[in-house]
Structures are given as structure tokens and as C-alpha cells.
Amino acid sequence: MVSTPAQTPTQSPSHPRQQHATHDVTNQAPPLAPYDASDDAALLEGLRREGAGWAEDDIRRLGLRAGGEEAQEWGEQANRHEPELRTHDRYGNRIDEVDFHPSWHHLMRTAVAEGLAGAPWADQRPGSHVARTAGGLVWGHTEAGHGCPTSMTYAAVPALRAQPDLAKVYEPLLTSREYAPGLRVPTEKPGLLAGMGMTEKQGGSDVRTNTTEATPTGEPGVYTLRGHKWFTSAPMCDVFLVLAQAPGGLSCFLVPRVLPDGSRNTFRIQRLKDKLGNRSNASSEPEFDRTVAWLVGPEGRGVKTIIEMVNCTRLDCVMSSATLMRKTLVEAGHHARHRSAFGARLLDQPLMRNVLADLALESEAATTLTLRLAGAADRAVRGDAGERAFRRIATAVGKYWVTKRGPAFTAEALECLGGNGYVEDSGMPRHYREAPLLSIWEGSGNVNALDVLRALGREPEAAEALFAELALARGADARLDTAVTGLKAQLTETGQVGARRLVERMALTLQASLLVRHAPHPVADAFCASRLGGDWGHSFGTLPAAADLDAVLERALPDLN
């Protein structure tokens, strides 16, 4: 047995210095929050350029709130305390409800009040859809999961308009800025949320193989559904757009959780999905059994009816990927500013500056493209045929490429924090797990690449609109001109096996053309040299020696130095 020497006053366990002698924390970055999530030149310039400069004060206010300690804690808590399914109440009655942590409701309430759900459809100001996208780019710095129900609510409105009598009743509630959780008669609530149920066990993206049956009741427009959905997002929503096989073929239906008489519609949630990421949000497998539904659009035109919803949510996938890029770039830059190694701050190490600058280029290109797509969507809604054609192809191109870049980007940003980034407390693992979802949601990479081929084959005006956009930058950069010429040649020789290469080139030329026209020369030059000119490696941090890293970083992270 080892004896204990007599203690002197300086050796007392209560002596602060002695007690914590090995626990002084040095060379660690302080908390990032509070910070301004809207402090992004590419975002604010794009907001003004795409017609929503009138919303800048609101975006800046929301950015400060998103980067605040309270909102950042909401995001952390909503993911730490995951939703829980309650199939029955204490008395044995089937209720199929999902319980959420209060932080989830705080996030949702703010998002809906700030117009990030269906509100733009009720706002007649040009640029309202751009303002919503910009709001998502900053509020998404909190967490990504609650963006699912707000996105689907936004996307449900144009699809529902295929059935004017239903739109008349539900659109004012879907465009409300009031968040009203809990299952009640939809028309008795001040605001509604919408979900979507398309995929089934046997088909996934191949929704035409769906087996859920829709049987007419004899009452005009009213059917009953029977079947099982494999992924139905956000089961706590009030209404859902669902695909099912009617006598006339695959059709779209509106399914409420609560019927007009106050009774529960049959919506048996079998389980919540145990997902890689997006864990604050509930994704479910519901069963329909004599479930009441209302036809939306003609029988047999279900895909055509719901495709507008898909287009809207694809834009939100691009937006969410761009948001994750910006959020993780800010985290990486903050760490590099405060952390030292090998005798200097990480920020002052030339190789780290190359990595951060490369990430900054990718982030700006993603943000700029996102806002351009939002501008096209806004103008298409207001009747611009050229913008509608551009949106048709460019959204699929952006969805493919930006969401593909997200996982590699977040992995590199995480690595900037070293081992600290691999620890849950840093928040970076949550962002990393989130990134792959956005490539899968609303069609994986192959689905979107094939959709681009479909647009090229069936809608020649879409390709014309894309090249008209690229032509706006003609002559500004020789590397871009060469890439556009090569792209035109590639169109005539690409089949399915080369679809990804084609779409990748489309995306890079489109991003480069936007940066050449709108970004400072050092940003556009470095992007064209690396992404188009071939002066680049196979990972981030391989920009050429001639790149003006200081100028790129000063634009992306002005407070870094």
C-alpha cells in the first residue's frame, strides 16, 4: 500500500492551480457563435442581382439570429433529442403521432414566420422566391432537418394549383406565416404544413411501378387509398401529396391527417427511418387502408402534376448544399484563425490558405448558382418563358453537381479542424452526415443526369436557354469559351453512359460563366484556371501557384485576418 505524504497548503486539492495543473486549455478556437450568417458577399450580391434587394435588411437580421448562441443551440438540441413515434395513446387508441423536442418547434416557428415555407406564393413582389432562397441560405446555418417540411410546404403549392377547388381552400393556409403544430382539422388551423409520399418499397425513384391503389368512392374527386409508402417525409405535417394508381393510371392525391369531421384519417406510421443524418427530422413508412384522399389534377397525370413540387424541392437541395458549404467553410476559417501549429497560425500557413481558398471558390460558385436558379424560378412563375426553359435544365444540372460536391467539401472542411472536427461537440460530424442526403433526395445523381438528357431530347428550348446564358460571358475568358465550345460538341455524342460527364461540364461552365460576369477577377480567374483549365489536382487545396489566394480569402472570409 502506498502511503500518502503529508499535504502542504500548496498541495491541497482545493488549491485552484494545483487542482487544474494539467487542464489549462490553450491553442483552441473559442466558440464561433455569435456570428453573422449573412456576412457573405456572394449571397448579398446575388440577392440584389436577382431582384430581391428589398429583402436585404430582413436577410441581415435573420443572419444575425441564425448565428446567435440561442439558434445554434436549438440546432444542436433538435438533433441530440430525436423525434419519437407514438403509435398509440395511453388508452390504446391508435394516434400515430411524432413528438419533437421544443428546439425543433423554435426552429420551425422562426422558419415559417420568416417566409421560408409557402409564403412566397402569396407575395406578389418580384423577387419573393429569391428572398426565400436567400433566407434559407442563412437560416440553414442552424441545422438542416427542419428544412424538409418547410421545403415541401413551399413546393406543394404549385402542384396543388392543378386542382383549383382544393387550392382555394388550402393555399391560404399553406402560405401562412403561422406555425401551428399538432393534428387538428386543417381548415381550423391558422397555418398548415405539407408533406409528400411518392416512393415505395419496390420502386424508389421509379414511381410508375407504385402499387398503392386509389379507389373512387362515387363522390366526385374523392378516393380511398390502400398501400404502403417506403419514404414519406415529415409525417407530422397536416396534408400530403401522394401518388397512387387510380383506374386511369398513376395519379396525384391530397391526403389530410385529420378529416373535416375531426376524425383521424388512416395514416398508420409503421416506423421512423433510422437515418445516417437529418436526424432531427422524422421520415416514415405509413400504411394507407381506406385512407380518404382527394384527386389533384386529372387521373393518370400524377407525375406531371407532382413534378412541379419536385422541381421546387430540387432547388432547395441545391440551396441546402450551398448552405452546408458556407457553414462549414466559416467553421474551418474560424478554427484556422485561432489555432497555431509549427510556429504559426494555421491561417498563415500557405498550404492551409490554399485549402481554404479552394473551398471558398467552391462555396461562392454554389451560392451564386443557387441564387441564379432562384431568380429563374421567380421569373418563370411570373410568365417568363425563357427563364422557365432555363430553369428546367439548369435546376437539374445544379441539383446533380452542387449536391455531389457537398460531401467532399464538408469532409475537407472537417479535416481543417483535425481531430477536433471528428468530435461531435464541434458540430462538423452532423454537417458531414447531412451532406449525402441532398444528392439522394428528389432523385439521386443518375436520376438527375438522365433528367438532363430527357430535357435535351424532348425540350430543345431548354438547351437553347442554357447556351443563351453561357453566351452572356462570351469573350471574357478564353478557358470558358473553350469549355463552351467543347460542351456543344459533347451534346451530339453523349448517350446514357456519358451523362454524368456531360452534366458535370454543364455545371462547371455555368458556374464559371456566372463568376466571370459577377465575381471579382481573382475569384473568376482561379475558378476557370482550376475547374476549366485543368490547372488543379484531385482534391481541395491544389489551386495553382498563380491564384490570388489572399484576394479570394478576403472576399469569402473578410474577418479572417
Side-chain angles (χ1 to χ4, degrees), residues 42-43 46 49-50 129-130 132-134 136-137 140 147 151 154-155 307-326 361-380 387-409 435-456 459 462-463 465-470 472-473 483-484 487 499-519 527 531-532:
L43 184 151
R49 185 170 59 248
E50 298 298 337
H129 296 270
V130 177
R132 175 192 174 269
T133 298
L137 285 166
S151 177
Y154 169 70
I307 197 65
E308 187 60 27
M309 187 176 194
V310 172
N311 286 334
C312 289
T313 49
R314 282 181 176 174
L315 171 58
D316 279 5
C317 289
V318 182
M319 174 192 75
S320 294
S321 285
T323 304
L324 273 176
M325 289 182 186
R326 179 63 189 178
L361 289 180
E362 195 75 27
S363 176
E364 176 152 355
T367 297
T368 302
L369 177 57
T370 298
L371 290 167
R372 176 65 184 93
L373 295 176
D378 191 271
R379 290 182 282 276
E387 288 290 82
R388 185 180 302 112
F390 174 77
R391 176 202 182 200
R392 168 66 184 92
I393 192 167
T395 299
V397 168
K399 165 65 167 70
Y400 172 83
W401 182 242
V402 176
T403 63
K404 278 285 179 213
R405 299 298 290 155
F409 187 105
L437 167 66
L438 299 163
S439 182
I440 297 169
W441 188 22
E442 296 306 358
S444 61
N446 284 352
V447 169
N448 277 269
L450 294 174
D451 191 37
V452 172
L453 292 187
R454 188 178 303 109
L456 291 171
E459 304 172 53
L466 176 66
F467 282 105
E469 178 78 14
L470 296 176
L472 296 175
V484 173
L487 178 60
R500 286 189 173 216
R501 287 175 61 90
L502 174 66
V503 178
E504 178 177 322
R505 178 169 284 190
M506 283 182 170
L508 290 173
T509 54
L510 180 55
Q511 287 182 322
S513 71
L514 291 169
L515 294 180
V516 164
R517 290 161 54 200
H518 304 304
F527 189 89
R531 275 66 170 173
L532 299 183

Is there a side-chain contact between [X] and [Y] in this structure, where contact means two heavy atoms from C-beta onward sitting under 4.5 Å apart?
| X | Y | answer |
| --- | --- | --- |
| L315 | L373 | yes |
| F409 | S363 | yes |
| R314 | T403 | no |
| Q511 | L514 | no |
| L502 | L487 | yes |
| R379 | H129 | no |
| R531 | L515 | no |

Which heavy atom of [X] sits nearest to which heavy atom of [Y], and what is that distance?
| X | Y | answer |
| --- | --- | --- |
| Y400 | G445 | CD1-O, 3.3 Å |
| L371 | A42 | CD1-O, 4.1 Å |
| E362 | R405 | OE2-NE, 3.0 Å |
| R505 | A483 | CD-O, 4.2 Å |
| L43 | L137 | CD1-CB, 3.5 Å |
| S321 | V402 | CB-CG1, 3.8 Å |

- request: Give a yes or no on whether R501 atom CZ has more than 12 heavy-atom contacts from other residues, nucleotides or ligands under 6.0 Å away.
  value: no
When rounded to the nearest 0.5 angstrom, what distance separates [atom1] in [X] from [atom2] in [Y]?
| X | Y | atom1 | atom2 | answer |
| --- | --- | --- | --- | --- |
| T323 | R326 | OG1 | CZ | 11.0 Å |
| K404 | E504 | NZ | CD | 11.0 Å |
| I307 | M309 | CD1 | CE | 11.5 Å |
| L510 | F390 | CG | CZ | 5.0 Å |
| L532 | S513 | CG | OG | 9.5 Å |
| S439 | W401 | OG | CH2 | 11.0 Å |

message: Would D316 and R132 count as a salt bridge (charged side-chain N to carboxylate O under 4.0 Å, His left out) here? Give the steps.
response: CA-CA 10 Å; D316 279 5; R132 175 192 174 269; 2.7 Å; yes
- prompt: Can R391 and D378 be counted as an ion pair, charged N to O under 4.0 angstrom?
  reply: no
task: Identify whether the distance between the nearest side-chain nitrogen and carboxylate oxygen of R372 and E469 falls below 4.0 Å.
output: yes
- prompt: In a check of side-chain contact (heavy atoms from CB on, under 4.5 Å) between V397 and each of N448, L508, V503, which one passes?
  reply: V503
message: Checking side-chain contact (heavy atoms from CB on, under 4.5 Å) between T313 and each of E308, E442, K399, which is the one that passes?
response: E442
field: Test item: T509 side-chain N/O and M506 main-chain N/O as donor-acceptor pair under 3.5 Å
entry: yes
